[in-house]
Number of protein chains: 2
Amino acid sequence: MSFNIKFNSSEEKYIQIYRYIKEIIENGMLPYLSKLPSTREMSNIIKVSRSTVLRAYNMLEDENLLFTVKGKGTFVAKVEIDENKDWTINWCDRLNIYAKKAEEMDIIKKEKTYKKGMISFKSIAPNEKLFDIEELKRGFLNLISLEGGKILNYGYAKGYKPFLLFLKEYMEQKGVDLKNKDILVTNGFTEAFDIILSTITKPKDNILCENPTHNTAIKLMKLHNLNIIGVPMNKDGMEVKELKKTLEKKQIKISYLIPSYHNPTGIVMSYERRREIYEILKSYKVPIIEDGFNEELQHLGGHISPIATISGEENSVIYLGSLSKILFPGIRIGWICADKKLISVMESVKRSRNIHTSSLDQGILYEYMRNGSFNKYLKKIKISYREKYELALKLAKKYIPNQYIWGDGGLYIFVKLKGVNSRELLDRCYKKGVIFMPGDVFFTDGKGEDTFRLAFSRTTLLNLEKGMKIIGKEIKKL
Amino acid sequence: MSFNIKFNSSEEKYIQIYRYIKEIIENGMLPYLSKLPSTREMSNIIKVSRSTVLRAYNMLEDENLLFTVKGKGTFVAKVEIDENKDWTINWCDRLNIYAKKAEEMDIIKKEKTYKKGMISFKSIAPNEKLFDIEELKRGFLNLISLEGGKILNYGYAKGYKPFLLFLKEYMEQKGVDLKNKDILVTNGFTEAFDIILSTITKPKDNILCENPTHNTAIKLMKLHNLNIIGVPMNKDGMEVKELKKTLEKKQIKISYLIPSYHNPTGIVMSYERRREIYEILKSYKVPIIEDGFNEELQHLGGHISPIATISGEENSVIYLGSLSKILFPGIRIGWICADKKLISVMESVKRSRNIHTSSLDQGILYEYMRNGSFNKYLKKIKISYREKYELALKLAKKYIPNQYIWGDGGLYIFVKLKGVNSRELLDRCYKKGVIFMPGDVFFTDGKGEDTFRLAFSRTTLLNLEKGMKIIGKEIKKL
């Protein structure tokens with residue numbers, strides 16, 4: 001046994017020696033009858049006076065952890081700890097801050113959960129009943145007959161090559177200039193956003209976003225210790241005046257925007273507003289992380305160009321693509337389209353995290369998307385979701401007393417109540433079998449306590465009315 | 001335009017003002033003919049003396065960035081920067097240290113790559129020709145007919161439930177006591193190891209491992225800024241004496257061990273050695289991350305219990321399971337089996353990273369593993385790999401002059417040369433169409449320059465001999 005005590009200056013040395021020896025005895029590292037160095041020896045080993053050692057030994061003897069036999073030395077006494085007892089680690093004591101924060105902000109664990117039979121306005125997952133399973137099977141079998149075992153062996157960190165090529169064409173169809181740009185396939189939006197933040201941000205950097213914004217994005221920005229600067233919104237998107245004011249005052253490292261079916265408000269930013277915000281951010285040299293979330297679902301009119309298109313040949317926009325609210329979220333496929341050099345570095349980050357995204361899943365999605373069935377599927381779900389959206393909006397306006405209701409389509413609307421706390425409302429509704437997402441989880445500044453998000457992607461038309469009525473009734477009681 | 005200069009103490013203030021204004025002019029944020037605050041105004045705004053401002057303004061005038069009109073004020077001159085020019089970001093300037101390190105240590109980018117037609121001893125990927133594709137198809141179709149679209153919608157962060165239950169039984173078959181333990185499914189070993197380090201380590205923590213060890217593990221330990229303490233090995237595994245010496249000297253946070261087919265040495269630690277090392281680590285209260293890598297491949301005899309089994313009811317071992325060197329690495333499935341509470345926290349970390357691992361892939365692997373075909377497959381590949389291993393060992397001993405060759409089976413052997421630099425050797429062999437992995441990438445202390453790993457999972461029997469002859473010949477020339 002070596003005794004290497006590192007003394008600190010905040011406590012007397014004899015106390016520190018006492019604690020140190022007590023701990024190693026109680027940990028079983030100095031078993032019963034072990035002989036301790038004499039006070040003289042110990043004072044040499046740990047470079048303190050002999051009287052300091054003596055004082056510590058005396059304390060340990062007083063506690064019956066040591067005993068002294070005259071002429072023989074000082075020995076470890078039989079301590080209560082059973083030496084045969086299994087060693088149990090208290091892992092909670094060993095968690096770092098990051099892990100503690102990840103658990104603390106895990107809304108799946110913290111928020112009320114859906115129970116069978118409830119009317120749920122909580123989830124924004126797509127309606128799996130709309131998936132074209134036969135087409136998926138066909139795609140899988142086609143892929144396997146073409147690729148054989150190769151698709152099941154190690155692939156490339158950037159992505160499955162045919163899928164990468166497909167995505168490049170897909171981005172070009174959106175009008176994105178791909179000169180000096182490249183694509184990295186990720187495990188959905190969440191990994192894409194995490195990789196971007198892991199690559200270009202440092203703790204305390206200012207990141208600008210809409211307020212409210214996607215709660216998973218908030219969680220990740222917090223886990224990266226970023227300083228979140230939320231810019232308020234009106235019904236057309238981020239407020240331009242407020243954006244300018246913020247940029248005047250603060251040095252912003254990067255911005256994060258959700259132009260289409262913004263989560264949680266459902267707002268689709270017009271082309272003009274996208275252009276304006278892009279130009280303002282450009283004049284302050286603030287790059288943009290554009291969340292292409294649900295862009296494929298623009299079911300109220302023509303497709304509005306993403307900001308990645310507006311920026312043309314420039315390399316200031318990092319576009320995140322994901323189909324997870326439309327198609328097969330269970331296979332976790334997303335992608336980043338950005339500056340070539342930046343993608344190359346993020347490819348290394350991706351490789352260090354999990355080598356690559358499942359080639360099988362990329363292959364299946366590729367097979368599904370590359371023929372006409374994806375467009376057919378999109379048409380089908382646009383009609384279905386639009387119908388629900390229109391009904392949901394109508395019913396919400398009818399039954400729910402509100403200050404305003406936002407949302408231009410998509411899978412949810414956003415309700416601002418008149419002075420009613422949405423968590424109190426949720427408590428009541430939950431008892432009546434209705435669940436939704438309280439708005440405060442989307443706010444960067446702890447506000448939004450009188451708002452909530454009403455999602456309807458998987459709610460039946462019948463339950464839509466039933467649920468809204470219950471919410472309306474409970475509001476009136478409050 | 002607001003002027004908020006944050007002064008540092010390392011440079012004169014007028015220089016800092018000069019730089020600040022120069023930058024905003026050159027960035028186009030103060031366009032041509034913008035009027036600057038007078039020196040008096042500016043000195044009030046930024047709280048410096050008027051003469052300091054004057055000095056900065058004079059420097060800017062000297063550079064023709066500003067000009068002064070008497071009685072009117074100081075204005076921005078026409079600067080060369082074309083205002084219509086696209087804004088180009090130099091992303092390389094914006095990378096953080098983590099991303100730079102991830103790219104720097106990305107051996108896929110740094111090491112010599114396989115070219116078609118070469119004899120490769122580099123890759124340790126499984127031989128895809130051995131995969132049972134028909135069984136995979138059957139599993140997929142079965143899964144889809146059972147689960148329908150549900151398997152393609154969002155799943156659980158911990159894993160696909162039937163697969164989790166299966167893995168629990170699977171771990172129990174290995175003799176692991178699952179009381180108060182749980183399982184988390186991950187995207188392969190790499191993500192599992194990254195999540196563990198992300199959850200319980202802090203920068204500068206000491207982590208103990210075998211030296212040499214798995215190069216991806218080294219990369220991740222370095223990316224987490226851990227202090228890697230490598231303990232030397234002999235042909236039976238980690239040297240016990242050295243382990244004890246290290247534990248005497250250093251406070252170790254956690255250890256990382258590969259007991260079966262250790263990468264890169266191929267050593268399988270005996271039951272007795274596992275037990276001994278476990279007991280020593282236990283006496284120093286050092287938890288173990290056990291890499292269950294290729295455990296399924298123990299083709300030279302009976303299955304040796306993992307350390308997770310030896311530890312019994314205790315919760316000190318975090319076991320990492322992965323089949324990636326055996327079955328379908330392209331679908332990226334691994335798992336962590338550990339203390340229940342710890343798994344619960346890591347579940348939140350996993351959710352924050354990418355929500356969950358592809359449910360489709362988990363379902364497919366589950367279908368493949370749960371019936372007899374997995375065991376049939378294992379039998380088949382054990383015979384195939386064993387045959388190759390025996391031949392490889394024989395040929396290596398015959399053709400390659402060495403100090404020693406390690407490896408008890410599996411997919412590779414490890415060669416220690418007699419004073420020959422393995423990178424020089426690789427340079428020569430590469431020109432002759434032979435590639436292997438130089439050993440230095442596996443060492444924690446930059447050593448191993450006279451070693452290399454010879455992997456043969458996908459090398460044909462014919463090429464095995466041809467390749468070894470070439471390596472032997474080139475050694476003799478050196």
Side-chain angles (χ1 to χ4, degrees), chain A residues 2 27 86-89 91-92 94-96 98-99 102-103 106 125 128 131 133 137 140 144 148-155 187-188 190-191 194 198-200 202 219 223 248 282 285 287 313-316 328-332 339 341-342 345 348-349 351-355 358-361, chain B residues 2 27 86-89 91-92 94-96 98-99 102-103 106 125 128 131 133 137 140 144 148-155 187-188 190-191 194 198-200 202 219 223 248 282 285 287 313-316 328-332 339 341-342 345 348-349 351-355 358-361:
Chain A
S2 67
N27 283 344
D86 287 336
W87 171 37
T88 305
I89 298 181
W91 284 106
C92 291
R94 290 177 176 242
L95 303 173
N96 60 27
Y98 171 84
E103 187 169 44
D106 189 345
E128 66 226 24
F131 295 164
I133 300 295
K137 270 194 215 170
F140 170 83
I144 293 293
K150 248 177 63 192
I151 193 84
L152 299 161
N153 217 327
Y154 279 109
N187 295 323
T190 307
E191 182 178 82
D194 193 36
S198 295
T199 302
I200 52 176
K202 285 192 273 290
K219 178 168 75 174
L223 283 174
E248 280 287 309
K282 180 177 171 177
K285 306 283 181 215
E313 275 191 22
E314 293 174 14
N315 65 353
S316 54
F328 309 154
I331 63 174
R332 317 292 319 119
D339 177 78
K341 175 62 197 156
L342 181 60
V345 176
S348 291
V349 172
R351 189 176 284 118
S352 79
R353 297 283 177 91
N354 47 43
I355 317 282
S358 165
S359 313
L360 182 68
D361 294 346
Chain B
S2 67
N27 282 344
D86 286 337
W87 170 39
T88 304
I89 297 181
W91 284 107
C92 290
R94 289 177 178 243
L95 302 173
N96 60 29
Y98 171 84
E103 188 168 45
D106 189 345
E128 66 227 23
F131 296 165
I133 300 297
K137 270 194 214 169
F140 170 83
I144 294 294
K150 249 175 65 190
I151 193 83
L152 299 159
N153 216 328
Y154 280 108
N187 297 321
T190 308
E191 181 177 83
D194 192 35
S198 295
T199 302
I200 53 174
K202 286 191 273 288
K219 177 167 77 174
L223 283 173
E248 281 285 310
K282 179 177 171 177
K285 306 282 180 215
E313 274 191 23
E314 291 174 17
N315 65 352
S316 54
F328 310 154
I331 63 173
R332 317 295 317 118
D339 176 80
K341 174 62 196 157
L342 181 60
V345 176
S348 291
V349 172
R351 190 177 281 118
S352 80
R353 296 283 176 91
N354 48 43
I355 317 287
S358 165
S359 313
L360 182 67
D361 294 345

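By convention in this document, chain letters (A, B, ...) are assigned in the order of the sequence lines, proteins followed by strands, and residues within each chain are numbered from 1.
Between B:Leu360 atom CG and A:Leu360 atom CG the span is 6.5 Å, to the nearest 0.5 Å. Within the model, atoms CD1 of A:Ile355 and CD of B:Glu191 stand 11.0 Å from one another, a figure rounded to the nearest 0.5 Å. A distance of 6.5 Å separates CG in A:Asn96 from OG1 in B:Thr199, rounded to the nearest 0.5 Å. For the atom pair CZ (B:Phe131) and CD1 (A:Ile144), the distance works out to 11.0 Å, reported to the nearest 0.5 Å. Within the model, atoms CG of B:Asn354 and CG of A:Asp194 stand 8.5 Å from one another, a figure rounded to the nearest 0.5 Å.
B:Pro287 approaches A:Trp87 most closely through the heavy-atom pair N-CH2, 3.7 Å. Closest approach of A:Lys285 and B:Arg94 over heavy atoms only: O-NH2, 3.8 Å. Listed here is the closest heavy atom pair of B:Val349 and A:Ala102: CG2-CB, 4.0 Å.
Per-residue counts of heavy-atom pairs under 4.5 Å with chain B were compared for A:Leu152, A:Ile133, A:Thr190, A:Leu223; the largest is that of A:Leu152. Of the residues considered (B:Gly188, B:Ser198, B:Gly155), B:Ser198 shows the highest number of contacts with chain A, using heavy-atom pairs under 4.5 Å.
With hydrogens and angles disregarded, no donor-acceptor distance shorter than 3.5 Å links the side chain of B:Asp361 to the backbone of A:Ile331. Between the side chain of A:Arg351 and the main chain of B:Asp106, no donor-acceptor pair closer than 3.5 Å is present. Side chain of A:Trp91 to main chain of B:Asn315: a donor-acceptor pair is present (N/O by atom type, distance under 3.5 Å, no hydrogens or angles).
With a threshold of 4.5 angstrom between heavy atoms, B:Tyr154 approaches chain A through its backbone and through its side chain. With a 4.5 Å cut-off on non-hydrogen atoms, B:Ile151 touches chain A through its backbone but not through its side chain. B:Ile89 touches chain A through backbone and side chain together, each having a heavy atom under 4.5 Å away. When heavy atoms are compared at a cutoff of 4.5 Å, B:Asn153 approaches chain A by way of both its backbone and its side chain. Residue contact with chain A, scored on non-hydrogen atoms closer than 4.5 Å, involves the backbone and the side chain of B:Lys137 alike. Both the backbone and the side chain of B:Leu95 come within contact range of chain A, each with at least one heavy atom under 4.5 Å from a heavy atom of that chain. Contacts between B:Lys219 and chain A at a heavy-atom distance below 4.5 Å involve the side chain alone, from C-beta outward.
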